[in-house]
Amino acid sequence: MKPKLINSIEEMSVIRKQLKGKIGFVPTMGFLHEGHLSLVKEAKKKTDVVIVSIFVNPTQFSANEDLSTYPRNIERDIELLTNLEVDYIFFPTNEQMYPDDFKTWVNVDKITQVLCGKSRPTHFRGVTTIVAKLINIIDPDLIFMGEKDFQQLVVLKQMIKDLNFRTDIVGCSIVREKDGLALSSRNKYLSSSGRKKALCLNKSLLLAQKLYNEGLTSSNEIISQMTNLIENNECIIDYIEVFDPKTLEHIPELVGGCRIALAVIVENTRLIDNIKIV
Ligand code: AMP
């Protein structure tokens with residue numbers, strides 16, 4: 001059956017009140033790929049009713065970013081979600097989510113200022129604000145999100161705990177192309193040579209794991225070898241960081257369970273990826 005399409009907050013709230021069972025929610029910005037769909041499949045397994053939101057959230061983009069060109073294809077998204085038998089697709093308008101008199105922001109301290117927060121200082125404030133609003137509208141039991149955006153996952157878990165929301169987040173593994181590139185709506189921006197260069201993100205993360213397996217633990221030394229690999233592919237590093245997955249604090253020596261995340265500019269596109277060191 002086709003999912004029910006809902007584009008008003010009021011209608012979503014009315015329908016939500018009538019729903020029974022465990023509600024699973026997958027927030028997205030659309031232009032769906034297998035990464036998004038893996039979250040939906042997980043939600044289908046773990047909950048009774050699955051709601052997917054599609055909303056390109058303007059407040060998480062800064063003025064020099066790609067809000068106006070962000071890829072969109074709502075018809076295709078609906079088709080993909082129909083195939084997975086999603087129950088509801090919520091796609092509100094900007095005007096509804098951010099009316100002219102909008103004044104309230106949700107901000108998580110400290111952990112939003114490291115990693116991606118350094119070069120995108122207002123990004124997470126936009127993410128936490130929109131997800132808080134969506135939680136209030138949809139009141140899900142479980143929210144499904146990808147480890148691809150690892151910092152986002154940690155920030156939102158913190159917000160849910162601090163603000164006593166009753167929902168929980170389920171983190172889902174990163175889905176990759178066969179050659180290792182993490183799926184992202186932004187991969188669409190890459191030329192065919194950029195697409196090849198973009199493999200350096202995953203390759204450098206695998207190099208880090210290999211070096212760790214061989215006994216190297218110095219974060220500086222590992223980051224330096226990752227840097228060489230990426231720069232040899234004509235890509236520009238925004239950051240590479242080795243950190244504790246709970247606190248997001250830098251750690252000087254790799255240990256099992258730590259994460260390495262990076263943001264790299266390939267052609268004009270900023271891509272992110274990360275790995276759990278085991
Ligand atoms: P976005 O549409 O980029 O805001 O992403 C919506 C959700 O899909 C977020 O929870 C992302 O972490 C998740 N996601 C995006 N790409 C992937 C991927 N390659 N694998 C797993 N989850 C992903």
Side-chain angles (χ1 to χ4, degrees), residues 3-19 23-33 35-36 39-40 43 49-78 80-81 86-108 112 116-117 120-146 148-149 151-153 155-160 162-169 184-186:
K4 182 161 175 55
L5 309 179
I6 303 175
N7 61 12
S8 98
I9 295 176
E10 206 185 333
E11 188 186 3
M12 186 71 248
S13 304
V14 169
I15 288 179
R16 172 62 186 97
K17 287 197 182 81
Q18 296 158 0
L19 295 178
I23 311 301
F25 174 44
V26 183
T28 81
M29 298 208 298
F31 204 70
L32 304 179
H33 52 64
H36 298 112
L39 309 180
V40 174
V49 179
V50 175
I51 305 175
V52 176
S53 67
I54 297 177
F55 181 64
V56 182
N57 175 34
T59 63
Q60 67 191 68
F61 291 78
S62 62
N64 60 345
E65 292 182 349
D66 59 338
L67 173 62
S68 62
T69 55
Y70 195 83
R72 295 159 210 247
N73 189 342
I74 185 80
E75 277 77 28
R76 186 168 163 276
D77 290 346
I78 293 171
L80 292 169
L81 296 175
V86 160
D87 300 286
Y88 297 94
I89 302 176
F90 179 49
F91 58 108
T93 59
N94 280 348
E95 292 69 29
Q96 282 190 68
M97 293 310 263
Y98 298 107
D100 286 342
D101 63 347
F102 186 84
K103 293 184 187 66
T104 304
W105 298 96
V106 177
N107 189 41
V108 174
T112 53
C116 286
R120 306 185 78 192
T122 58
H123 170 69
F124 289 107
R125 184 184 80 154
V127 171
T128 43
T129 301
I130 194 67
V131 174
K133 284 168 69 68
L134 289 167
I135 291 174
N136 281 332
I137 296 164
I138 290 172
D139 186 24
D141 292 280
L142 292 175
I143 305 183
F144 295 81
M145 306 202 83
K148 159 89 181 347
D149 300 270
Q151 185 176 12
Q152 171 172 281
L153 200 60
V155 167
L156 289 171
K157 280 184 181 165
Q158 185 75 45
M159 176 190 82
I160 283 169
D162 290 349
L163 295 185
N164 308 97
F165 285 124
R166 67 167 199 96
T167 188
D168 266 333
I169 295 195
S184 162
S185 305
R186 290 191 169 98

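We number each residue from 1, following the sequence as shown.
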Exercise. Does Leu80 have any side chain to side chain contact (heavy atoms under 4.5 Å, CB included) partners at least two apart in sequence or in another chain, and if so, which?
Worked result: Leu32, Leu37, Arg76
Problem set entry | Gln60 side-chain N/O to Phe124 backbone N/O, donor-acceptor pair under 3.5 Å | no
Problem set entry | Of all pairs that satisfy salt bridge (charged side-chain N to carboxylate O under 4.0 Å, His left out), the ones with a partner from residues 126-137, not counting sequence neighbours | none
Seminar exercise, completed: In short, salt bridge (charged side-chain N to carboxylate O under 4.0 Å, His left out) pairs touching residues 135-144 with sequence neighbours left out are Arg16-Asp139, Asp139-Arg166, Asp141-Arg166
Problem set entry | Residues which pass side chain to side chain contact (heavy atoms under 4.5 Å, CB included) with Pro71, listed by chain and number, not counting sequence neighbours | Phe31, Ser185, Lys188, Tyr189
For this session: Find out whether Val40 and Phe144 are in side-chain contact, i.e. whether some heavy atom of one side chain is under 4.5 Å from a heavy atom of the other.
Result: no
Exercise. Between Thr129 (side chain) and Trp105 (backbone), is there a donor-acceptor pair under 3.5 Å?
Worked result: no
Problem set entry | Evaluation steps, side chain to side chain contact (heavy atoms under 4.5 Å, CB included), between Ile15 and Tyr88 | CA-CA 10 Å; Ile15 288 179; Tyr88 297 94; 3.6 Å; yes
Seminar exercise, completed: Those residues at least two apart in sequence (or on a different chain) that pass side chain to side chain contact (heavy atoms under 4.5 Å, CB included) with Leu156 are Val127, Thr128, Val131, Met145, Gln152, Met159, Ile169
Exercise. Just by modelled atom types, is the Phe91 backbone N or O under 3.5 Å from a matching donor or acceptor in the Asn7 side chain?
Worked result: no
Exercise. Are Asp77 and Arg72 close enough for a salt bridge, meaning some N to O gap below 4.0 Å?
Worked result: no
Exercise. Tell me, which pairs form a salt bridge (charged side-chain N to carboxylate O under 4.0 Å, His left out) where one or both residues lie in residues 89-106, sequence neighbours left out?
Worked result: none
Problem set entry | Nearest heavy atoms of Gly30 and Ile54, plus distance in Å | CA-CG2, 3.7 Å
Exercise. Counting distance only, does the side-chain N/O of His36 pair as donor-acceptor with the main-chain N or O of His33 below 3.5 Å?
Worked result: yes
For this session: Please name the pair of heavy atoms, one in Ser8 and one in Phe90, separated by the smallest distance, quoted to 0.1 Å.
Result: O-CE1, 3.7 Å
For this session: Answer yes if the ring centres of Tyr70 and Phe61 are under 6.0 angstrom apart, and no otherwise.
Result: yes
Problem set entry | Pairwise side-chain contact, Ser53 with Val26, heavy-atom cut-off 4.5 Å (strictly under) | no
Problem set entry | Thr59 OG1 to Arg125 CZ distance, which is reported to the nearest 0.5 Å | 7.5 Å
